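All of these numbers come straight from a predicted model, not from anything done at the bench. Heads up: numbering here begins at 1 and tracks the sequence.
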Amino acid sequence: MDSLTQIILGAAVGEATLGKKVGNKALLWGAIAGTIPDLDVLSKFFVDTITANELHRGFSHSILFCILAAPILGWGIAKIYNNKEANWKDWTKLMFLGLFTHPILDAFTTWGTQLFWPFEYKISFKNIFVVDPLYTVPFLIFVILAMFYKRTHPKRRTFNTIGLYISSIYMIITLGLKWYTYGVFQTNLHNQHIQYKEIQTKPTALNSILWSANIETKDSFLIGYYSLLDKDPVVTFSEYSKDHHLLGAMKNDPLLPRLIKLSEGWYTIEKSTDGKLFFNDLRFGQLGMGKEASRFVFSYELFYNDKGILEAKERERDMEEASPLLKKLFNRVLGKT
């Protein structure tokens, strides 16, 4: 999830764990704990883009990291406050829960987490977008309300608990929506006599009303959208040829298996009009919808550098397109095609 959401969750968990003893210090250190796992994004300043994406949500999002880091951080915080209000064990518990709930929350998104690192398997339920105001905003309101009461005031704990309950219930609702929309997509594939190998569904940006499906067939991928507000449950699928043959000799380069593993096999190869070759990762959707989609969100240009080494450069996104795309997204959420 986005950084703000992780900060809010960490703060709420910190308050629930130690708020009665240390007040707003629990919110502060809980928020810090909720931020720490995402410091792995700093790797992009030291390694190439592909390696950075491989490292993201790896070790720092694992149970092992939580177990190792929590007592060290807990000891440091206890030293700062000289054990006056809470001891080392108290702070260790707070830091562990703050660190651990971060990857648990991320596991519900499309990217997923290597919770059991060093094992490579990523847990990804794909039932919530990385930024979802319906999850974050109510949660934020109740955490802020809790901050204005003294640590011993019963309303402080009540507001914090309400925030945790509301966010958790919403997460459960999105799991139910995923189950329901998955059935809608399956029914449409059956009714349209489409033979497919695999299907993945996920919510679109900033909401849990409009869902998309990636469907793998023998030679192509299909992408369809369904809004809970659609009057007609008939889904129109857009087709994208895999075109893996366009790789040519590149397919034998060691970089390709890494990209394929990163995309979990959900990729197409695209050749632009100016001859550039792109590796499109389908898992994170498109900039736009259907035939109007300009490109995929995660896309890498493949090229040989001056030394003849194959490189993959992440394709830049044109932020000027964001406003009209959000308008189209909002209309589609409302069931307008």
Side-chain angles (χ1 to χ4, degrees), residues 1-13 31 34-42 44 52-53 56-57 60-61 98 101-113 122-144 163-164 166-178 181 200-214 225-229 281-289 293-299 314-334:
M1 296 288 286
D2 64 283
S3 297
L4 174 61
T5 304
Q6 292 289 9
I7 287 171
I8 295 167
L9 175 61
V13 169
T35 304
I36 288 173
D38 274 345
L39 293 179
D40 62 0
V41 298
L42 297 177
K44 66 182 179 181
N53 284 340
H56 185 44
R57 295 193 183 176
S60 67
H61 286 65
T101 50
H102 180 120
I104 293 298
L105 181 57
D106 278 345
F108 291 99
T109 66
T110 300
W111 195 285
T113 59
K122 284 189 175 182
I123 298 175
S124 178
F125 299 114
K126 301 178 177 66
N127 61 290
I128 193 169
F129 190 71
V130 291
V131 180
D132 190 331
L134 284 177
Y135 179 90
T136 305
V137 174
F139 205 174
L140 174 62
I141 291 171
F142 282 104
V143 169
I144 291 175
L164 285 167
I166 288 177
S167 60
S168 299
I169 291 170
Y170 179 72
M171 188 67 73
I172 293 171
I173 290 173
T174 62
L175 286 169
L177 295 177
K178 180 179 176 67
T181 54
Q200 286 190 351
T201 62
K202 60 186 181 300
T204 56
L206 307 174
N207 77 103
S208 57
I209 304 299
L210 178 63
W211 290 71
S212 68
N214 288 352
Y225 296 89
Y226 172 71
S227 171
L228 298 174
L229 302 179
D281 187 336
L282 275 60
R283 294 172 302 150
F284 305 101
Q286 304 165 285
L287 292 174
M289 286 172 284
S294 57
R295 46 157 288 197
F296 290 93
V297 174
F298 273 86
S299 184
E314 192 168 334
R315 203 172 180 179
E316 293 185 3
R317 305 173 186 88
D318 187 356
M319 297 310 296
E320 292 182 0
E321 297 180 356
S323 181
L325 286 176
L326 286 174
K327 184 178 180 180
K328 291 178 181 178
L329 173 67
F330 182 71
N331 287 332
R332 187 63 189 87
V333 168
L334 296 177

Discussion item. Does any part of the side chain of T181, heavy atoms only, come nearer than 4.5 Å to the side chain of L228, both counted from C-beta?
Written reply: yes
Discussion item. As an exercise, state the distance from CG of L210 to OH of Y225, rounded to the nearest 0.5 Å.
Written reply: 7.5 Å
Discussion item. Distance check, rounded to the nearest 0.5 Å: L329 atom CG versus T204 atom OG1?
Written reply: 5.0 Å
Discussion item. I'd like to check K178 versus F125 (side-chain heavy atoms, cut-off strictly below 4.5 Å). Are they in contact?
Written reply: no
Discussion item. Let me confirm one number: the CG-CD1 distance from L164 to I169, rounded to the nearest 0.5 Å.
Written reply: 11.0 Å
Item to complete: Taking all non-hydrogen atoms of both residues into account, name the closest pair between D281 and F296 and its distance.
Response: O-CB, 4.2 Å
Worksheet item: Got S227 and R332 here, is their nearest side-chain heavy-atom distance under 4.5 Å?
Response: yes
Worksheet item: Does any N or O in the side chain of R295 come within less than 3.5 Å of the main-chain N or O of V297, such that one atom is a donor and the other an acceptor?
Response: yes
Item to complete: Return the minimal non-hydrogen interatomic distance between K44 and A52, and the atom names on each side.
Response: CA-CB, 3.9 Å
Item to complete: Calculate, to the nearest 0.5 Å, the distance between atoms OG1 and CZ belonging to T174 and F108 respectively.
Response: 7.5 Å
Discussion item. Which heavy atom of P138 sits nearest to which heavy atom of P133, and what is that distance?
Written reply: CD-O, 3.6 Å
Practice prompt. Check the pair S208, Y170 against side chain to side chain donor-acceptor pair (under 3.5 Å), reporting the backbone distance first and the verdict last.
Written response: CA-CA 10 Å; S208 57; Y170 179 72; 2.8 Å; yes
Discussion item. Would D40 and H61 count as a side chain to side chain contact (heavy atoms under 4.5 Å, CB included) here? Give the steps.
Written reply: CA-CA 9 Å; D40 62 0; H61 286 65; 3.5 Å; yes
Worksheet item: Where is the tightest heavy-atom contact between V143 and A11, given as atom of each residue plus distance?
Response: CG1-CB, 4.4 Å
Worksheet entry | Chi angles and distances behind the side chain to side chain contact (heavy atoms under 4.5 Å, CB included) call for I209, L334 | CA-CA 8 Å; I209 304 299; L334 296 177; over 6 Å; no
Practice prompt. Show the numbers, then the answer: is there a side chain to side chain donor-acceptor pair (under 3.5 Å) between D38 and T35?
Written response: CA-CA 6 Å; D38 274 345; T35 304; over 6 Å; no
Discussion item. Quick one, L282 and F298 - any side-chain contact, counting heavy atoms below 4.5 Å?
Written reply: no
Practice prompt. Would you tell me whether T201 and K126 have side-chain atoms, one donor and one acceptor, within less than 3.5 Å of each other?
Written response: no
Worksheet item: Closest heavy-atom contact between S124 and G112?
Response: CB-CA, 3.6 Å
Practice prompt. Taking the side chain as every heavy atom from C-beta outward, state whether E314 and N53 have any pair of such atoms under 4.5 Å apart.
Written response: yes
Discussion item. With side chain to side chain contact (heavy atoms under 4.5 Å, CB included) as the criterion, how do V130 and D2 come out once you've worked through the C-alpha distance, each side chain's angles and the decisive distance to 0.1 Å?
Written reply: CA-CA 6 Å; V130 291; D2 64 283; 5.8 Å; no
Worksheet, complete the sentence: The reported gap from CD1 in I7 to NE2 in H102 (rounded to nearest 0.5 angstrom) is 10.5 Å
Worksheet item: Would a 4.5 Å heavy-atom cut-off, applied to side chains only, mark T136 and D132 as touching?
Response: no
Item to complete: Test K202 against every option in T110, T109, I128 by the side chain to side chain contact (heavy atoms under 4.5 Å, CB included) rule and name the one that passes.
Response: T110
Worksheet entry | Pair D106-Q6, side chain to side chain contact (heavy atoms under 4.5 Å, CB included): steps then yes or no | CA-CA 9 Å; D106 278 345; Q6 292 289 9; 3.0 Å; yes
Fill in: For K122, side chain to side chain contact (heavy atoms under 4.5 Å, CB included) partners two or more places apart
W111, Q114
Discussion item. Can you give me the closest heavy-atom contact between G98 and T101, atom names plus distance?
Written reply: O-OG1, 3.4 Å
Response to the item:
Value for CZ (F284) from CZ (F129), rounded to nearest 0.5 Å, stands at 10.0 Å
